[in-house]
Amino acid sequence: MLTAFFLEATFLGVMLFGWKRVPPWLHVFAAVAVAGGTAVSAFWILSANSWMQTPAGREVRDGVAYPVDWFAVIFNPSFFYRLPHMLTAAYLTTSLVILAVGARYLLAARHIDEGRTMLRMAIGMLAVLGPLQLLIGDQHGLNTLEHQPMKIAAVEAHWDGSKPGALVLFAWPDAKTETNLFEIAIPKAGSLILKHDPNGLFPGLKSVPPSDRPPLVPVFFAFRSMVGIGIIIIGLGLVGVWLWWRQTLFDARWYLQLAAHSWWLGFVAVISGWIVTESGRQPWVAYGILRTADAVSPVPGASVATTLGLFVLVYGVVFTMGIYYINRLIALGPQGRAAEPPHTGTPVRPLSAAIDAAREISSPQR
Ligand code: HEM
């Protein structure tokens, strides 16, 4: 874990600040090392987190969990679903940012060659990884049903396990009345997805006392936000491929506009996914063996509030600086070149013609 952090931190510096200071091969190597380092970090972080969801390879003595099989601890039952789901989520998030920046360059008729390459790379990634994420997510959900049935019951707002589950598109799950208010649902479709049988049964929330249920509203809505964005991502990828195939991608201003505004989708999907995972694990810290209430440290509330306040402050400063720096890099464009002269085309001309005109004007500078 430490090796991975050092690898990332060292080569991130070379990657961000070394563009003009190191040879191109070393810059590429630094980028690959950062990607490798983050993947290794992700491996260990997700192994630890997965253990909290599906704590295997341990034995509980006097209320304390002791590892008895490290292999089972590391490669616990939900790890092989969580790792690919999270890595794919990270690659999709990155692809959306690249898609948006590339589209913005093309709409502004700046850095045209680079913008086109960015658009092609991002669309290729979205078209392959978007549908793959849906498949991984589906398998991930089946694994969760097996190990954390109440998380899935909350995701599906499924109360009564003696009846087939509907696919609830919208509702307000009401813990007091133990029903769904304002429900819009497709009967039996939940059972079809989770049991591959329209009449299949899976546990409902009522099968455990209220104190053993996760908070319903955040889990229910975060799941719909994640999957909804997943579907938009698949659409962006497939429509992009279609336009590319028809050779109208760089003229489709409406698509470029959509793409230019899609940079935030991945971040929201990732946060939503983690809300499903962590809120859905409640009321447990380690599922089935340690309750959150029993894991609370004897620290005064004021100390917790101060630490939290400091975290918010420090991260606020770091993120603000990071966002400022990334925006500056985007504004400068590839290789830190200043903006090319704006294109001279009239609005009625196709975008590609305007782009070609801008390229001719800017070519002496290259
Ligand atoms: C397209 C359909 C998708 C399905 C069916 C799906 C399914 C799931 C499920 C069932 C979980 C919770 C598993 C658990 O806690 O045990 C989850 C978590 C998560 N999802 Fe998704 N997901 C989808 C799309 C996405 C997308 C597009 C992203 C991000 C770009 C994403 C990011 C995450 C993250 C970060 C988590 C938390 C980590 C984890 O538990 O794997 N998901 N997803």
Side-chain angles (χ1 to χ4, degrees), residues 38-39 41-56 76-100 122 125-158 165 167-169 189-190 192-196 202-203 214-215 218-238 262-282 284-288:
T38 41
S41 290
F43 178 98
W44 289 112
I45 293 167
L46 291 165
S47 174
N49 185 276
S50 295
W51 188 85
M52 291 161 76
Q53 317 286 338
T54 47
N76 59 78
S78 64
F79 173 69
F80 284 112
Y81 300 90
R82 213 172 306 278
L83 179 68
H85 197 57
M86 181 60 223
L87 285 180
T88 310
Y91 298 141
L92 282 172
T93 305
T94 316
S95 304
L96 285 165
V97 173
I98 293 174
L99 182 84
M125 289 288 278
L126 295 180
V128 174
L129 294 185
L132 186 69
Q133 183 72 324
L134 180 74
L135 290 179
I136 300 172
D138 174 58
Q139 293 302 306
H140 197 358
L142 297 183
N143 177 264
T144 310
L145 176 64
E146 191 184 334
H147 296 281
Q148 296 177 293
M150 284 310 110
K151 188 187 272 183
I152 291 297
V155 157
E156 300 294 338
H158 181 55
L167 179 64
V168 182
L169 302 176
L192 193 62
I193 293 171
L194 288 164
K195 303 300 290 183
H196 301 144
F202 60 97
V219 175
F220 179 83
F221 283 104
F223 185 79
R224 273 141 196 82
S225 150
M226 173 184 68
V227 174
I229 291 177
I231 291 167
I232 296 175
I233 290 175
I234 294 173
L236 271 172
L238 296 185
S262 64
W263 62 270
W264 53 274
L265 288 172
F267 297 101
V268 175
V270 165
I271 293 169
S272 304
W274 279 114
I275 292 175
V276 176
T277 296
E278 301 307 320
S279 298
R281 191 191 62 215
Q282 300 307 319
W284 304 96
V285 160
Y287 200 79

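Start at 1 and go down the list; that is how both ligands and their atoms are numbered. Nothing here was measured: the structure is a model prediction, and the numbers come from that model. Hydrogens, waters and symmetry mates play no part in the numbers below; they use all other heavy atoms, side chains included.
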Distance flag, aromatic centroids of H158 and F202, threshold under 6.0 Å: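 Between F202 and H158, the centre distance is under 6.0 Å.
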side-chain contact (heavy atoms from CB on, under 4.5 Å) assessment of M226 paired with F223: CA-CA 5 Å; M226 173 184 68; F223 185 79; 3.5 Å; yes
Please compare [options] and report which has the shortest non-hydrogen distance to [atom].
atom: atom 19 (C) of ligand 1; options: H147, H85, R82; result: H85
atom: atom 5 (C) of ligand 1; options: S78, G228, G137; result: G137
atom: atom 28 (C) of ligand 1; options: Q148, Q139, Q53, Q133; result: Q133
atom: atom 37 (C) of ligand 1; options: V227, T277, L96, L129; result: T277
atom: atom 27 (C) of ligand 1; options: G230, G280, A89, S279; result: G230
atom: atom 10 (C) of ligand 1; options: G141, S95, A269; result: G141

Side chains of Q139 and N143, donor plus acceptor under 3.5 Å: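 The criterion, which ignores hydrogens and geometry beyond distance, is not satisfied for N143 and Q139.
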Donor on one side chain, acceptor on other, Q53 and H147, under 3.5 Å: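 Their side chains do not contain a donor-acceptor pair, so the 3.5 Å distance test is not met.
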For [atom], which protein heavy atom lies nearest, and how many Å away is it?
atom: atom 34 (C) of ligand 1; value: G273 CA, 3.7 Å
atom: atom 16 (O) of ligand 1; value: T144 OG1, 2.7 Å
atom: atom 1 (C) of ligand 1; value: L134 CD1, 3.5 Å
atom: atom 24 (C) of ligand 1; value: M226 CG, 3.7 Å

Side chain proximity check, S50 to S78, heavy atoms < 4.5 angstrom: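 When only atoms from C-beta onward are counted, S78 and S50 do touch, with a gap below 4.5 Å.
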Flag side-chain contact, heavy atom, 4.5 Å: S225 against V268: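 With C-beta onward as the side chain, the pair touches.
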Location of contacts on M86 toward ligand 1, heavy atoms closer than 4.0 Å: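 The part of M86 near ligand 1 is the side chain, not the backbone.
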I229 to ligand 1, any heavy atom closer than 4.0 Å: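 The answer is no: ligand 1 sits nowhere under 4.0 Å from a heavy atom of I229.
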H140 and Y81 aromatic ring geometry - parallel, tilted or perpendicular at 30°/60° bounds: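 It falls in the parallel class, under 30°.
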Positive for side chain to side chain contact (heavy atoms under 4.5 Å, CB included) with R82, one of T277, N76, I45: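 For R82, the side chain to side chain contact (heavy atoms under 4.5 Å, CB included) test succeeds with only one of T277, N76, I45, which is T277.
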Per-atom contacts, ligand 1 versus K151 - under 4.0 Å to a heavy atom: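 Counting from 1, the qualifying ligand atoms are 14 (C), 15 (O), 16 (O).
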More than 12 heavy atoms from other groups under 6.0 Å of CH2 on W263: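 No.
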Contact flag H140/atom 21 (Fe) of ligand 1, N/O/S atoms, threshold under 2.8 Å: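 For H140, the answer is no, given that no N, O or S atom comes within less than 2.8 Å of atom 21 (Fe) of ligand 1.
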Atom 21 (Fe) of ligand 1 reached by S272 (N, O or S, under 2.8 Å):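 No, outside the cut-off.
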Point-to-point distance, once rounded to the nearest 0.5 Å, from CG of L145 to NZ of K151: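 Answer rounded to 0.5 Å: 12.0 Å.
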